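Being a predicted model, the structure only gives us computed values, none of them experimental.
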Amino acid sequence: MDKSLSFAPGGGRGRKTFSPRRLVQTAWTILSNGWIPGFLRGTVYAGPLKAICSPGLNCYACPGAVLSCPIGAAQAVIGSAVYTVPLYVLGFFLFVGGFAGRFVCGFLCPFGL
């Protein structure tokens, strides 16, 4: 098999190599989804950090989620009767995308983990 077509760590030969990306993804997943009382009680975190969007996808309704999901925040604003354009969320996307670029998708988003 051609190494350029392999998606496995170590070029497809079965050996695992150290990946700083996995370390950063794991740490960010624990930090952004680390509200342990939510898992124990089965409740969603409703503190002040929920007003901040997480760079990377993060489920809003997860019991451990400390930050909000930017996609979910955009849906909530578009569906509200008061606001029609999610300016905060669009600004967040432009800021994070402009300054962090693919780092967010490659290192912070837990879906690639």
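Between the OG atom of Ser68 and the OH atom of Tyr45 there is a distance of 11.0 Å, given to the nearest 0.5 Å. Atom OG of Ser54 and atom CG of Leu108 lie 7.5 Å apart (nearest 0.5 Å).
Here the shortest heavy-atom pairing between Phe39 and Gly64 reads CE1-CA, 3.5 Å. The two residues Arg41 and Trp35 have their closest heavy-atom pair at NH1-CH2, 4.1 Å.
With sequence neighbours excluded, the residues forming a side chain to side chain contact (heavy atoms under 4.5 Å, CB included) with Ile52 are Leu49, Leu67, listed by chain and number.
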Listed pairs under 3.5 Å, donor-acceptor, residues 71-81 side chains, sequence neighbours left out:
{"unit_1": "Ser80", "atom_1": "OG", "unit_2": "Val77", "atom_2": "O", "d": "2.9"}
{"unit_1": "Ser80", "atom_1": "OG", "unit_2": "Tyr83", "atom_2": "N", "d": "3.2"}
{"unit_1": "Ser80", "atom_1": "OG", "unit_2": "Tyr83", "atom_2": "O", "d": "3.2"}

Would you be so kind as to tabulate the donor-acceptor pairs closer than 3.5 Å made by side chains of residues 87-106, with sequence neighbours excluded?
{"unit_1": "Tyr88", "atom_1": "OH", "unit_2": "Ala51", "atom_2": "O", "d": "3.4"}
{"unit_1": "Tyr88", "atom_1": "OH", "unit_2": "Cys53", "atom_2": "N", "d": "3.4"}

